[in-house]
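First listed ligand is number 1; within each ligand, the first listed atom is number 1. What's counted below: heavy atoms across the whole structure, side chains too, no hydrogens, waters or symmetry copies.
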Amino acid sequence: MCGKAALVHCCAMNILTKRRIIVGVTGSIAAYKSAELVRRLRSNGTDVRVAMTAGATRFIAPLTFQALSANRVHQHLLDESSEAAMGHIELARWADAVIIAPASADFIARLSHGRADDLLAALCLATAAPVAVAPAMNHRMWAHAATQENVQRLQDRGVSIFGPAEGEQACGESGLGRMLEVTQLLALMPALLGDGPLRGRCVVVSAGPTYEDIDPVRFIGNRSSGKMGYALALAAAAAGARVTLVSGPCALPDPGCGIIRISVRSAEQMYGAVLHEMEACDIFISAAAVADYRPRSVSAHKIKKHSNALTLELERTDDILGQVSALKQRPFCVGFAAETDDLEENARAKLNAKSLDLVAANQVGVAGSGFDSDENALTLYWRDGTRQLPRASKQALATALVTIIAERLHEKYRTENS
Ligand code: CTP
C-alpha cells in the first residue's frame with residue numbers, strides 16, 4: 001500500500017488491534033482475496049480464526065489460511081478435536097465480530113434461513129457478535145429476487161452487507177456482484193465492531209448533479225459523476241455513522257453497507273429530500289453539484305426549432321447548503337468549492353457566506369482531477385485552520401476527510417460545552 005493510503009487506513013487499523021475476528025470463507029472464486037484480508041488483519045495485530053465451507057476448500061487450500069492466520073482452520077461441524085480446539089459454540093463465543101468474505105449466493109440463502117448444516121452457518125447462529133457478509137457472485141445471481149429477499153432478511157436481522165461492487169467478473173460478464181476490495185472491507189470493520197469515530201451519528205450526504213428540465217426531452221445538467229459523494233457516504237458508514245445519501249442522477253450503483261439512498265432529479269427535489277432528513281442529522285456533507293439556475297418555466301411540449309435563436313429565462317435555485325446552515329437546529333455543515341482561481345480566498349468566502357463548519361476546496365481545470373476523475377486533491381478550510389489532502393483516490397480522500405470532520409465535530413462540541 002502506498003504511503004497516503006496507509007495513512008488513511010491507520011485509524012481503522014488501530015481499532016482492529018487485539019480484536020478477535022472470524023473470517024468465514026465460502027465457495028467463490030473471490031476466496032483468493034480472503035487470504036490477503038487475513039494477512040492484513042493479522043499484520044495489524046488482530047487475532048484471526050478462519051472458518052471455511054466445503055465449497056471454499058475447492059477454491060483455496062485451508063493450509064494457506066492456517067499459515068496466514070497462524071491458527072488451525074475450522075471446517076467441520078462435527079469435529080472430534082473440537083473439545084481440545086474450538087467447536088462452533090466456543091468459536092461463536094470467542095469472536096468480537098464475524099465477516100464472511102466472500103459470501104456466495106448459496107451461503108447467503110442458508111444464513112437467511114437460519115440453517116446450521118455446516119460449521120460456519122452454525123457459528124453465525126450461535127454468535128452474539130456482529131456479523132457482516134461481503135457478497136461475491138455473478139451479477140444475475142445477485143440481482144435475482146430470491147437473493148435480494150435473502151439479503152433483505154439478513155439486513156432486517158442486523159447483519160451488515162458489505163458491497164458488492166460493480167465491475168468485471170470472473171465469469172467474463174460485468175455487473176454488480178464483485179466482492180469489495182480488501183482495503184474497503186478493512187475500512188468497514190470499525191463500523192462492524194461499533195467503534196468508528198462517527199459511531200451513533202447521523203450523516204446526510206448529497207451527491208451527483210441535478211437535472212433542470214427545459215421540456216420533456218431536454219434538461220440543463222453538469223458533468224458531476226457523483227463519485228466523491230458516494231465515496232463520502234461509504235467512508236461515513238465505515239466510520240460507524242447511519243448514512244443517508246441524497247443522490248442526483250448518476251450511473252453509480254447503490255453503495256450498500258446499510259446506506260439509505262434517496263434518488264432525486266432536480267435541485268428542488270434535492271432540497272426537499274435533504275430538508276426532510278435534517279431533523280435527526282448531525283452532519284450534512286454537501287458534495288452535490290447543484291444547479292444554481294433552472295428554467296423559469298418548463299415547456300409541457302417539446303420545443304420546436306421555429307426560429308434561429310432561442311432564449312431561455314433562468315431563475316435561481318434554492319441554496320440547499322445555505323438553507324441547512326441557517327436552520328435553528330443546524331447540523332455540522334460541510335461544503336465543497338470547485339475553483340479555477342484564488343482557491344483560498346474563494347473557499348473562505350464560501351465558508352463565511354454560508355456560515356459553514358468546513359469547506360473542502362479543489363482546483364478545477366487541472367488534468368486528472370475533479371468531476372469525472374477517480375482521483376482528486378483537496379484543501380480543507382475551517383474558521384481557524386486549514387489542512388492539505390494531497391492527490392489520492394476519491395475513496396482515500398473521503399476516508400481522510402471523514403476522519404477530519406469527526407475531529408472537528410468533536411472539537412466543536414467540546415468548545416460549545418466548555
Ligand atoms: N450548493 C447547494 N445548493 C445550491 C448550490 C450549491 O447546496 N443551489 C452547495 C454545493 O453542494 C457545494 C457548495 O454549495 O457544497 C458550493 O457553493 P456555491 O457557492 O454554490 O459554489 P459555486 O456553485 O461554485 O458558486 P460560484 O459559482 O459562485 O463560485
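- For R414 and E411, the salt-bridge test passes: some basic side-chain N is under 4.0 Å from an acidic carboxylate O.
- From the protein, the heavy atom lying nearest to atom 3 (N) of ligand 1 is I320 N, 3.0 Å.
- Remark: R265 is positioned above the aromatic ring of F219, its terminal NZ or CZ atom under 6.0 angstrom from the ring centre and at most 45 degrees off the axis.
- For atom 28 (O) of ligand 1, the nearest protein heavy atom lies 4.0 Å away or farther.
- Scanning the protein for heavy atoms near atom 8 (N) of ligand 1, the closest one is D318 O, 2.9 Å.
- For ligand 1, one of its N or O atoms has an N or O atom of L321 under 3.5 Å away.
- The option from K350, R294, K354 that lies nearest to atom 24 (O) of ligand 1, judged by heavy atoms, is K350.
- For atom 23 (O) of ligand 1, the closest heavy atom belonging to the protein is D292 OD2, 3.0 Å.
- Protein heavy atom closest to atom 9 (C) of ligand 1, with residue, atom name and distance, is S286 OG, 3.6 Å.
- Looking at D357 and K412, a side-chain N of the basic residue comes within less than 4.0 Å of a carboxylate O on the acidic one, giving a salt bridge.
- If you look at A288 next to ligand 1, the close heavy atoms, those under 4.0 Å, all belong to the backbone.
- Taking every heavy atom of A291 and a limit of under 4.0 angstrom, the matching atoms of ligand 1 come to 8 (N).
- At a heavy-atom distance under 4.0 Å, no atom of A289 approaches ligand 1.
- Here the protein heavy atom with the shortest distance to atom 13 (C) of ligand 1 is F336 O, 3.3 Å.
- No side-chain heavy atom of V203 sits less than 4.5 Å from a side-chain heavy atom of C281.
- Using a 4.0 Å cut-off between a side-chain N of Lys or Arg and a carboxylate O of Asp or Glu, R294 and E315 qualify as a salt bridge.
- Distances below 4.0 Å separate heavy atoms of G335 from the following atoms of ligand 1: 15 (O).
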Yes or no on side-chain contact (heavy atoms from CB on, under 4.5 Å) for Y381 and R387, after CA distance, side-chain angles and deciding distance? CA-CA 7 Å; Y381 299 98; R387 188 94 148 253; over 6 Å; no
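- Which parts of ligand 1 touch T317 is read off a 4.0 Å heavy-atom cut-off, strictly below it: atoms 8 (N).
- Salt bridge absent: D96 and K18 never bring a charged side-chain N and a carboxylate O closer than 4.0 Å.
- Checked for salt-bridge contact, E181 and K33 meet the test: a charged N lies under 4.0 Å from a carboxylate O.
- Residue V359 places every heavy atom at 4.0 Å or more from ligand 1.
- Annotation: V334 places no N or O atom under 3.5 Å from an N or O atom of ligand 1; distance criterion only.
- In this structure, the side chain of N71 engages the main chain of V48 through a donor-acceptor pair within 3.5 Å.
- Contact between A187 and A238 at its shortest, heavy atoms only, is O-CB, 3.1 Å.
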